[in-house]
Amino acid sequence: MKKYVFIFLSLLILGGCAHFPGKSLERSKIQKPPQKAYNPFALSSFIDGVFADLNRDYQRAALDYNEALTWDSTSATIYAALGQDYLKIGRVRIGLKLLKKAVRLEPDNPEYPSILVAVYGQLRDFNSAIPYQEALVKLKPNDVSGHYHLATLYLLTKQDQKAAEEFNKVYELSGKSPDALGKISEFYLQARKYDQAIQTYQKLIQLQPDKEENYINLGEMYQMKGDTATAVTFLESALKDHPAFSKVRNFLSDIYMNQNQWKKALTLWQALKEEKPNDIQPYLQIAELHLAEGDTAKSIEMYGKIRQLFKDNWHVYYNLGRVYLERKNFTDAIANLKMAIQKDTSVPQSWLLLGLAYLQNGKNQEAEKNFADALKVFPGEPRLNFYYGAVLNQNKKYKQAVLPLQKLLQTSPNYVDGLRELAYSYLNLKQYDNAEKTCLRALKINPNNLSVVLILASVYDDQKKYDAVDSLYQKALSLDPENAVVLNNFSYSLATRGKDISKALEMVQKALTKEPKNGAFLDTMGWIYYKMGRYKQALKFVKASTETREPSAEVFEHLGDIYHKLGNVKKARLYWKKALGKDKTNRRLLQKLRGGRS
């Protein structure tokens with residue numbers, strides 16, 4: 001039978017903000033005989049039960065309490081102790097019956113109904129809990145928490161009017177405290193009683209007319225209710241009465257933007273700009289609004305004015321850099337982001353965006369230096385460590401990439417992109433155990449991460465664990481059957497093994513229809529033709545691959561092998577030497593050069 005562990009008055013208000021105060025069942029047990037003349041045999045059995053409870057032998061304790069009841073059947077203490085033990089061993093119905101008996105015997109003792117409220121709360125039988133919470137409130141009419149609990153039970157059972165009456169008592173008993181009203185509104189909000197929550201916050205605003213947070217909360221409640229029009233009217237009125245309310249202004253502006261009411265939003269900030277001409281915030285908001293409505297030219301024009309007025313403020317240059325980067329104007333983006341850093345070196349996002357601008361502009365070396373410099377200022381910044389490791393990988397500095405990626409994962413251990421980059425570093429360093437462990441760690445977090453699946457497939461491919469390789473590529477195809485990289489990589493893996501060449505050819509052809517100028521795909525096609533003995537076709541595709549990207553050692557080796565098959569030993573040796581220049585420890589290439597054959 002299912003066992004229940006009950007915590008005395010642990011019922012949470014709608015899973016949320018406040019809890020019912022009280023003691024645990026263990027501590028609430030009455031471990032003393034009632035204050036009256038009692039049977040010594042009952043007392044002896046009761047004490048035996050107490051010691052059994054202390055040893056957590058609840059079945060033995062139940063036997064002892066049952067024996068005590070044969071000597072004294074009028075003791076509420078014994079019934080309560082026995083009822084709690086039955087609850088602990090999973091006999092809920094009889095446990096509740098015994099606790100109710102204790103209540104009947106001692107109706108003025110608040111401990112027994114408290115236990116019943118807690119038990120019914122755990123069972124989510126809120127209707128049954130209500131009579132006992134009502135009894136508690138009668139016993140302790142000035143206990144604020146008791147009225148809170150009762151109001152919450154009424155809410156949970158959709159007795160809204162009774163809940164409102166109890167909450168009003170809470171408000172009165174707490175000395176009409178604004179904090180109490182705030183808590184009451186939170187209860188209503190969690191119960192999705194928006195009308196009651198709105199009424200409560202309206203009363204709260206009357207008590208605290210200068211507290212901006214109340215206006216924000218009430219505006220949000222109107223929105224949650226689906227009444228955005230009333231929210232707008234209310235916020236407009238609030239801002240008219242309290243023009244210094246910056247959060248209300250932002251909130252109202254966001255609503256206007258979501259409704260594409262750009263003119264209203266602009267008017268809102270232009271009024272503040274005229275009122276506070278030395279405050280940069282309204283200028284920035286106006287520029288951003290022009291950008292949001294799709295008028296990039298006006299946005300840039302506004303930023304130009306801001307730059308003249310606030311030439312020492314980093315925000316201007318950062319935002320201009322961001323706008324230019326979105327337009328792929330890398331020259332102006334980089335110039336402005338450099339200026340943002342010059343104005344204030346302590347803003348990590350400026351360094352980050354500058355690095356991304358370099359990367360998007362194909363300036364990997366500059367990006368690498370930027371991230372390295374940024375990490376001297378922010379050594380533990382996760383995003384900078386990630387991008388530094390990623391750009392080092394792009395620059396084939398795999399050993400250097402490991403440290404920043406490890407630093408990233410110390411603070412963000414479940415960041416899958418970071419794990420992916422680290423696994424890629426290990427793969428290229430031929431640290432296959434580390435690469436495999438890192439991939440498996442990432443896939444435990446996100447089993448369907450395609451990039452990690454492909455890296456793990458390459459790890460196993462290098463170790464000739466082909467069953468695992470094929471299984472991973474089949475998984476990759478199930479995740480994204482049209483993915484050109486998956487099709488190419490699986491095709492190349494099969495080709496290098498000389499397995500399923502026709503299937504490999506079909507997959508790479510499909511990949512090339514998607515990306516006809518992809519150098520890696522062209523090389524794969526060439527290598528499949530090489531495996532098929534069609535050397536002229538192979539030469540055509542592998543040479544084409546060198547025209548689209550910087551050839552790798554592997555591509556040069558392929559050219560050498562193809563020329564050797566075509567009988568051109570001189571060119572074969574030329575390309576093998578080029579391959580060796582990029583991969584100086586490759587024994588296979590050394591053997592080919594010594595023997596003059598593949």
In the structure I gave you, are the side-chain heavy atoms of [X] and [Y] within less than 4.5 Å of one another anywhere?
X	Y	result
Leu352	Phe371	yes
Phe251	Glu220	yes
Leu291	Arg322	yes
Tyr387	Leu356	yes
Tyr65	Glu67	no
Lys407	Thr411	no
Leu204	Thr200	no
Asp64	Val50	no

Whether over 12 other heavy atoms sit under 6.0 Å from [X] [atom1]:
X	atom1	value
Trp262	CH2	yes
Arg60	CZ	no
Asp467	CG	no

Judged by atom type as modelled, is there a donor-acceptor pair below 3.5 Å linking the side chain of [X] to the main-chain atoms of [Y]?
X	Y	value
Arg249	Ala244	no
Arg441	Val416	no
Gln59	Ile89	no
Ser73	Leu69	no
Thr267	Lys263	yes
Asp125	Gly121	no
Thr157	Tyr154	yes
Thr438	Asn434	yes
Glu421	Gly389	no
Asn448	Leu479	no

So how far is it from [X] [atom1] to [Y] [atom2], rounded to the nearest 0.5 Å?
X	Y	atom1	atom2	value
Leu419	Tyr426	CG	OH	10.0 Å
Asp143	Leu173	CG	CG	9.0 Å
Glu482	Leu477	CD	CG	9.5 Å
Tyr424	Leu454	OH	CG	11.5 Å
Leu96	Ile115	CG	CD1	11.0 Å
Ile198	Met224	CD1	CE	10.5 Å

### Query
Does the ring centre of Tyr120 sit less than 6.0 Å away from the ring centre of Phe126?
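Judged by ring-centre distance (under 6.0 Å), Phe126 and Tyr120 do not meet the cut-off.
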### Query
Could you walk me through whether Phe386 and Tyr415 pass the side-chain contact (heavy atoms from CB on, under 4.5 Å) check?
CA-CA 10 Å; Phe386 169 73; Tyr415 186 44; 3.7 Å; yes
### Query
Could you go step by step and tell me if Glu381 and Trp351 meet the side-chain contact (heavy atoms from CB on, under 4.5 Å) rule?
CA-CA 11 Å; Glu381 216 288 328; Trp351 295 90; over 6 Å; no
### Message
By the ring pair (Phe, Tyr, Trp, His ring centres under 6.0 Å) test, which pairs, at least two apart or in different chains, include something from residues 195-219?
### Response
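The answer is Tyr215-Phe234, Tyr215-His242, Tyr215-Phe245.
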### Query
In terms of side-chain geometry, is the basic nitrogen of Lys138 or Glu134 positioned less than 4.0 Å from the acidic oxygen of its partner?
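No, Lys138 and Glu134 are not salt-bridged.
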### Query
So, are Lys437 and Asp433 salt-bridged, with charged N and O less than 4.0 Å apart?
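Asp433 and Lys437: not salt-bridged.
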### Query
Between Ser45 and Trp71, does any side-chain donor sit less than 3.5 Å from a side-chain acceptor?
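Per modelled atom types, Ser45 and Trp71 side chains form no pair under 3.5 Å.
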### Message
Quick one about Thr74 and Asp72 (side-chain donor to acceptor, distance below 3.5 Å, no hydrogens or angles considered), yes or no?
### Response
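Yes, side-chain donor-acceptor contact under 3.5 Å.
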Could you report the tightest heavy-atom contact between [X] and [Y], atom names first, then the distance?
X	Y	result
Pro382	Leu408	O-CD1, 3.4 Å
Val248	Glu212	N-OE2, 2.9 Å
Asn385	Pro404	CB-O, 3.4 Å
Pro110	Ser114	O-OG, 2.8 Å
Tyr222	Ala231	CB-CB, 3.6 Å
Asp85	Ala61	OD2-CB, 3.3 Å

### Task
Applying side-chain contact (heavy atoms from CB on, under 4.5 Å), run through Leu105 and Tyr79 and close with a yes or a no.
CA-CA 9 Å; Leu105 289 169; Tyr79 278 110; 3.5 Å; yes
### Message
If the condition is side chain to side chain donor-acceptor pair (under 3.5 Å), which residues does Lys169 pass it with, not counting sequence neighbours?
### Response
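Lys169 satisfies side chain to side chain donor-acceptor pair (under 3.5 Å) with Glu166 only.
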### Message
Assess the residue pair Leu266 and Glu293 against the criterion (side-chain contact (heavy atoms from CB on, under 4.5 Å)); give the C-alpha distance rounded to whole Å, side-chain angles, the decisive distance to 0.1 Å, and a yes or no.
### Response
CA-CA 11 Å; Leu266 285 166; Glu293 68 174 330; 4.0 Å; yes
### Message
Asp195: which residues meet the salt bridge (charged side-chain N to carboxylate O under 4.0 Å, His left out) condition with it, sequence neighbours left out?
### Response
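Per chain and number, Asp195 pairs via salt bridge (charged side-chain N to carboxylate O under 4.0 Å, His left out) with Lys225.
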